[in-house]
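This is a predicted model, so every value here is computed, not measured. The basis for the numbers below is simple: all heavy atoms, side chains too, and nothing from hydrogens, waters or symmetry mates.
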Amino acid sequence: MSKVVDLERVRMQRLADELMPFIAEAFAGQGIYKVGVADVENVDRWRRAAKACARKLGVTARTSLSTDGASVWIVDTSPATLPERVRAARSIDYLLR
């Protein structure tokens, strides 16, 4: 019996492997990774690969295509942790003094 290979899944996984270091670095910083559509072969594949990276990182994320169709991005939408919420509250309190 022969094995069936889903080529689109293989392509998506290879792209996810390429994107992982960039998305991991972006999520460690500002939480968004944006790319021009001109640099992407297939937008739907890019979005699926980016979401696969987020799942591997254990992050809740959302992908989107800009309204003009020029950019595609992934954004970390994970809920803020308690230390982040405390830090944000202190920052606001400091600014309002």
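Listed for the Ser78 side chain is no donor-acceptor partner under 3.5 Å among the backbone atoms of Val59. The backbone N or O of Val72 sits nowhere less than 3.5 Å from a side-chain atom of Lys34 that would complete a donor-acceptor pair.
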Where do Gln30 and Asp76 land on the side chain to side chain contact (heavy atoms under 4.5 Å, CB included) test, with the steps shown first?
CA-CA 9 Å; Gln30 67 186 117; Asp76 181 354; over 6 Å; no
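Under the 4.5 Å side-chain criterion, counting only non-hydrogen atoms from C-beta, Ile32 is not in contact with Ile74. Between Trp46 and Val37 the shortest side-chain heavy-atom distance does not fall below 4.5 Å.
By the criterion of side-chain heavy atoms lying less than 4.5 angstrom apart, applied directly or through intervening Ile, Leu, Val, Met, Phe, Trp or Tyr residues, Phe27 is grouped together with Val35 in one hydrophobic cluster. Val40 is connected to Tyr33 through a chain of hydrophobic side-chain contacts under 4.5 Å among Ile, Leu, Val, Met, Phe, Trp and Tyr, so both are in one cluster.
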Quick one: side chains of residues 63-71, donor-acceptor pairs under 3.5 Å with protein atoms, not counting sequence neighbours, listed by atom name and distance.
| from | atom 1 | to | atom 2 | distance (Å) |
| --- | --- | --- | --- | --- |
| Thr63 | OG1 | Arg47 | NE | 2.9 |
| Thr63 | OG1 | Arg47 | NH2 | 3.3 |
| Ser66 | OG | Asp68 | OD1 | 2.6 |
| Ser66 | OG | Gly69 | N | 3.3 |
| Ser66 | OG | Ala70 | N | 3.0 |
| Ser66 | OG | Ser71 | N | 3.0 |
| Ser66 | OG | Ser71 | O | 3.3 |
| Asp68 | OD1 | Ala70 | N | 3.0 |

Using distance only, find each side-chain donor-acceptor pair of residues 9-19 under 3.5 Å and give its atom names and separation, not counting sequence neighbours.
| from | atom 1 | to | atom 2 | distance (Å) |
| --- | --- | --- | --- | --- |
| Gln13 | NE2 | Asp17 | OD1 | 3.3 |

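Around NZ of Lys56, the count of heavy atoms belonging to other residues, nucleotides or ligands within 6.0 Å exceeds 12.
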